[in-house]
Amino acid sequence: MALSGVRVLELAGLAPSPLCGMILADFGAQVVRVDRSPRSAMNTDVQGRGKRSLALDLKQGPGAAALRRLCLRADVLVEPFRHGVMEKLGLGPKVLLQENPKLIYARLTGFGQSGRYAKSAGHDINYLALSGVLSKLGRKDENPYAPVNLLADFAGGGVMCAMGIIMALYERTKSGKGQVVDASMVEGAAYLSSFLWKSQNLGLWNRLRGENLLDSGAPFYETYKTLDGKFMAVGAIEPQFYEQLIKGLGLDLDKLPSQLSFSDWPEMKKMFAAIFSKKTQAKWCRIFDGTDACVTPVLSLDEVALHQHNKERGSFIKNDQEEISPRPSPLLSRTPATPSPRRDPFIGEHTDEILLEFGFTKEEIAKLHSEKVIEFNKPKANL
C-alpha cells in the first residue's frame, strides 16, 4: 500500500485524531495507538481499524521516557492535546525533533498552537463558528445549525491533518528532515470553505441565509418528503437538468416561472413538496433513475450499503465482526488501500509486542509493568 513501512504513533484522543490515524492505517501505515490504562480510560476510539494498542501512562516519568524512545524509531507522532500539555510532559516537538530530526510531529487541535483561544476548550460547533462556516449553515428564519460534527472535527481536523502528514512525509524524501504539522480545526474548516470566499462576487451568497441557490433557498436544490415518509434529494441546477426534473414531476416548463425567479421560489418549493408527497421514494427512484435530473434517494445508514450503485462499486465493507463501514477513499489504481478486516483493538492489547518491536527488552517491559507504567490487556479466548 501507499504508506507501507511508515510508523505512526497516535496518542489516543477523541474523534478527529482517531480518523487521522485510521486514514494512515487504511493506506498501509503501521499505526500504534498509545492509550491510557484500560482501567482508567474508556475506549472511545471507534475508528481503530488497522491499529494496535499500547497502554502507557505518560504522566509518569518512565512512561514519558518510554514514548521518547518509541519516537526515535517512529516516522510520525499524532497528538491531540490542548496547547502546552506535551511540553509539560517533556514531550514537546523541540525535545522529540532534536532526538529524531526526521520525525513528523502532528498537532491536531481546535484552535491551533497560537492565538488567543489556543488554550481554550471547544468542540466542532465552536470551531465552525470561529471559521465563519457556521454563519452559512441553516434555513431561512432559523438559527445557524451545525451538521453533526463532520465539518470541523473530521474534515477540517482529521482529514486535513492526514494530508499535512503525507505532505510532510513527501517533503522529507527531499530534505531528510521532519517538521511540525499545526492542524487547527478552525482553519481546516475555513480552508474547506474556500469556495464560499472565492465565489462571493458571483452572486451565489448575496441573499440572506436560506434564500440562496445552495443553502435551501432554491426549489431545485432541496430535499422533499415522499409518501412513505422518506426523502428525495434534488440538485437540478443547470437548465438542462432542471428541464428533466420538471418533466419527471409531470409539470409543463412553459407554464412555470423562470427557474431563477427568486420571488417565486417559496411557492415553487410548496408545489414541488406537494408533488413529491404523492409517491413513495421507490416510485420516484423509478422515475428519475437513468435521467440527468439530479434526483436521488436520501438513504439511511441501514440502506446505503444495499443500494445497487454502492454494491457495484464495493463502497462499503464488513469486518470480521460483520460491522459495516465505508471503504477507504480515494481509490488508487496501483496501490489501493486494503483495510484490516479485524475488529478494533482493545486498550493495551498489543503492549508487549509493540515495545519489543521498538527495541525494548523483556526485562525492561517487565519492569515497566511492575511499576504500572504499562498494562497488558489480552483478550480471553472463548472456550
Side-chain angles (χ1 to χ4, degrees), residues 6 8-24 29 31-34 36 45 56 58-59 63-64 67-68 70-72 74-134 149-172 175 177-194 197:
V6 175
V8 179
L9 298 172
E10 174 203 321
L11 303 189
L14 297 178
S17 57
L19 174 65
C20 177
M22 189 180 77
I23 292 170
L24 301 176
V31 179
V32 170
R33 190 182 68 205
V34 181
R36 288 176 289 173
D45 181 6
L56 178 65
L58 298 178
K59 293 183 179 179
L67 185 68
R68 286 173 65 173
L70 292 168
C71 286
L72 291 174
D75 296 292
V76 179
L77 174 71
V78 181
E79 69 95 352
F81 304 134
R82 275 207 239 177
H83 181 275
V85 170
M86 290 293 279
E87 280 77 3
K88 288 181 181 178
L89 296 172
L91 298 169
K94 288 183 179 179
V95 173
L96 298 186
L97 281 168
Q98 185 175 10
E99 296 175 351
N100 178 6
K102 293 186 176 182
L103 182 68
I104 309 300
Y105 193 119
R107 317 195 79 167
L108 177 50
T109 60
F111 298 109
Q113 296 300 310
S114 59
R116 178 172 296 184
Y117 287 179
K119 295 183 180 180
S120 300
H123 282 293
D124 182 283
I125 194 169
N126 308 116
Y127 312 142
L128 278 185
L130 206 62
S131 73
V133 176
L134 188 58
N149 64 329
L150 290 176
L151 284 183
D153 275 359
F154 295 112
V159 174
M160 288 293 188
C161 187
M163 185 172 72
I165 288 168
I166 292 166
M167 287 189 289
L169 285 169
Y170 175 72
E171 192 281 336
R172 193 180 70 174
S175 68
K177 297 178 181 180
Q179 58 183 303
V180 177
V181 177
D182 179 0
S184 154
M185 292 178 229
V186 172
E187 292 164 4
Y191 192 32
L192 284 171
S193 73
S194 293
W197 294 85

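Nothing fancy with the numbering, it's 1 onward along the sequence.
Contacts of K59 classified as side-chain contact (heavy atoms from CB on, under 4.5 Å), with partners at least two apart in sequence or in another chain: D57. By the side-chain contact (heavy atoms from CB on, under 4.5 Å) test, E87 pairs with P93, R107, sequence neighbours left out. Taking A168 as the reference, I104, Q179, V181 meet the side-chain contact (heavy atoms from CB on, under 4.5 Å) condition, with sequence neighbours excluded. Under the side-chain contact (heavy atoms from CB on, under 4.5 Å) criterion, M22 pairs with L19, D26, Q47, R49, K51, sequence neighbours left out. Under the side-chain hydrogen bond (donor to acceptor under 3.5 Å, both in side chains) criterion, S193 pairs with W197, sequence neighbours left out. Partners of R82 by salt bridge (Lys or Arg N to Asp or Glu O under 4.0 Å), not counting sequence neighbours: none found. Residues passing the salt bridge (Lys or Arg N to Asp or Glu O under 4.0 Å) test with E171, sequence neighbours excluded: none.
Side-chain contact check for P80 versus L14: every heavy-atom pair is 4.5 Å or farther apart. By the 4.5 Å heavy-atom criterion applied to side chains, V31 and V76 are not counted as neighbours.
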Exercise for the section: Determine, step by step, whether L192 and M160 satisfy the side chain to side chain contact (heavy atoms under 4.5 Å, CB included) criterion, reporting the C-alpha distance in whole Å, the side-chain angles of both residues, the deciding distance to 0.1 Å, and the verdict. Expected result: CA-CA 9 Å; L192 284 171; M160 288 293 188; 3.8 Å; yes

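Here the CG-CD distance, from L58 to E79, works out to 10.5 Å after rounding to the nearest 0.5 Å. In this structure, the separation between NE2 on H83 and CG on D182 is 9.0 Å, given to the nearest 0.5 Å. Taken to the nearest 0.5 Å, the CG atom of L91 stands 8.0 Å off from the CG atom of L11. Between F111 atom CZ and E187 atom CD the span is 11.0 Å, to the nearest 0.5 Å. In this structure, I165 CD1 and R172 CZ are separated by 11.5 Å, a value rounded to the nearest 0.5 Å. To the nearest 0.5 angstrom, L96 atom CG is 10.5 Å from L70 atom CG.
Within 6.0 Å of CG in L72 there are more than 12 heavy atoms belonging to other residues, nucleotides or ligands. Within a 6.0 Å sphere centred on CD1 of I125, heavy atoms belonging to other residues, nucleotides or ligands number 12 at most.
Heavy-atom minimum distance, P18 versus G13: CG-O, 3.4 Å. The two atoms that bring L9 and A74 nearest to each other are CD1-CB, 3.8 Å, heavy atoms only.
Pairs passing the side-chain hydrogen bond (donor to acceptor under 3.5 Å, both in side chains) check and including a residue from residues 11-22, sequence neighbours excluded, do not occur.
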Please tabulate, for side-chain N and O atoms in residues 149-158, each donor-acceptor pair with protein atoms closer than 3.5 Å (sequence neighbours left out).
residue, atom, partner, partner atom, Å
N149, ND2, D153, OD2, 2.9

Could you pull out all donor-acceptor pairs under 3.5 Å where a side-chain atom in residues 116-123 meets a protein atom, sequence neighbours excluded?
none

